[in-house]
Amino acid sequence: MLRAILISGFVLGLAIVAVLGVRWLQTPDNGAVAVALPACDLLGPTCEWETGSGVWNASLQNIGDKGQGTEYQLTVSAPVAPERFIAVLRGESMYMGEYPVPLRRGDNGQYSAQFVAPLCTTGTEMVWRVDLQSGQQPLLESVPLKLIFQSEGH
């Protein structure tokens with residue numbers, strides 16, 4: 001009798017670990033729906049798009065390595081002033097977490113931020129996606145492009 005209870009408990013425990021383990025190992029997507037958007041390289045020509053509120057553009061400039069990795073300056077021109085405007089770095093070629101970068105308001109609807117993209121330890125090159133958000137809300141309607149760039153490794 002005790003043997004049957006132990007075996008049943010063991011089988012039940014394995015089933016729970018299998019179900020919870022699979023959920024735990026899955027990449028979190030925070031409820032985001034995957035949408036196929038055209039990509040725009042932020043390190044190339046300025047990424048520009050138009051919405052009902054006006055013309056937006058975004059660009060990224062490599063400003064050099066200051067000992068912590070390659071530093072970048074992101075500049076976004078927005079026709080409307082989003083509340084708590086942030087850019088969120090997400091690994092496009094490999095999931096490496098999410099890194100919020102607050103954008104500071106400048107002149108004429110320009111927002112900017114300087115940041116260092118985290119280094120990938122398994123390769124020398126990493127493709128990052130920059131998602132624009134107003135606080136916790138993605139600006140999906142305002143950004144019909146996938147803003148990406150390839151960081152340089154050491």
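Note that the numbering runs from 1 along the sequence shown for the chain.
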Over all heavy atoms of both residues, which pair between Pro100 and Glu98 is shortest? Give the atoms and the distance, please.
CD-O, 3.7 Å

Disulfide bond (SG atoms under 2.5 Å apart) pairs touching residues 37-107, sequence neighbours excluded, are Cys40-Cys47

Apart from Ile148 itself, members of its ILVMFWY cluster (side-chain separation under 4.5 Å) are Val127

Do the side chains of Tyr72 and Val116 join up, straight or via other hydrophobic residues, at under 4.5 Å, putting them in one cluster?
no

Could you give the side-chain donor-acceptor pairs of residues 48-55 under 3.5 Å, partners two or more places apart or in another chain?
| unit_1 | atom_1 | unit_2 | atom_2 | d |
| --- | --- | --- | --- | --- |
| Trp49 | NE1 | Ser142 | O | 2.3 |
| Thr51 | OG1 | Ser53 | N | 3.3 |
| Thr51 | OG1 | Ser53 | OG | 3.0 |
| Thr51 | OG1 | Gly54 | O | 3.3 |
| Thr51 | OG1 | Trp56 | NE1 | 3.2 |

Under a side-chain separation threshold of 4.5 Å, the hydrophobic residues clustered together with Ile86 are Val88

Once side-chain contact (heavy atoms from CB on, under 4.5 Å) is applied, do any residues pair with Thr75, and if so which ones, sequence neighbours excluded?
Ser59, Gln73, Gln110, Ser112

How close do Trp128 and Pro118 get, heavy atom to heavy atom, and via which atoms?
CZ2-O, 3.4 Å

Interatomic spacing from CG in Leu89 to OH in Tyr99 - rounded to 0.5 Å
9.0 Å

Residues passing the side-chain contact (heavy atoms from CB on, under 4.5 Å) test with Ala113, sequence neighbours excluded, are Val101, Leu103

Mind jotting down which residue pairs meet the salt bridge (Lys or Arg N to Asp or Glu O under 4.0 Å) criterion with at least one end in residues 129-138? Sequence neighbours excluded, please.
Arg90-Asp131, Glu92-Arg129, Arg129-Asp131

Identify, with sequence neighbours excluded, every residue that meets side-chain hydrogen bond (donor to acceptor under 3.5 Å, both in side chains) alongside Arg84.
none

Kindly indicate whether the side chain of Phe115, heavy atoms from C-beta on, has any atom under 4.5 Å from the side chain of Leu60.
yes

Please identify each residue that fulfils side-chain contact (heavy atoms from CB on, under 4.5 Å) with Gln61, with sequence neighbours left out.
Ile63

Single-linkage hydrophobic cluster Leu139~Leu74, side-chain heavy atoms < 4.5 angstrom:
yes

If you measure from CG on Leu132 to CG on Leu145, what distance do you get to the nearest 0.5 Å?
10.0 Å

Asp41 meets the side-chain hydrogen bond (donor to acceptor under 3.5 Å, both in side chains) criterion, sequence neighbours left out, with none

Should Phe85 and Val76 count as side-chain neighbours, where that means a heavy-atom distance under 4.5 Å?
yes

Would the distance check show the side chain of Ser134 and the main-chain N or O of Glu83 forming a donor-acceptor pair, the cut-off being under 3.5 Å?
yes

All pairs passing disulfide bond (SG atoms under 2.5 Å apart) where residues 53-118 contributes a residue, at least two apart:
none

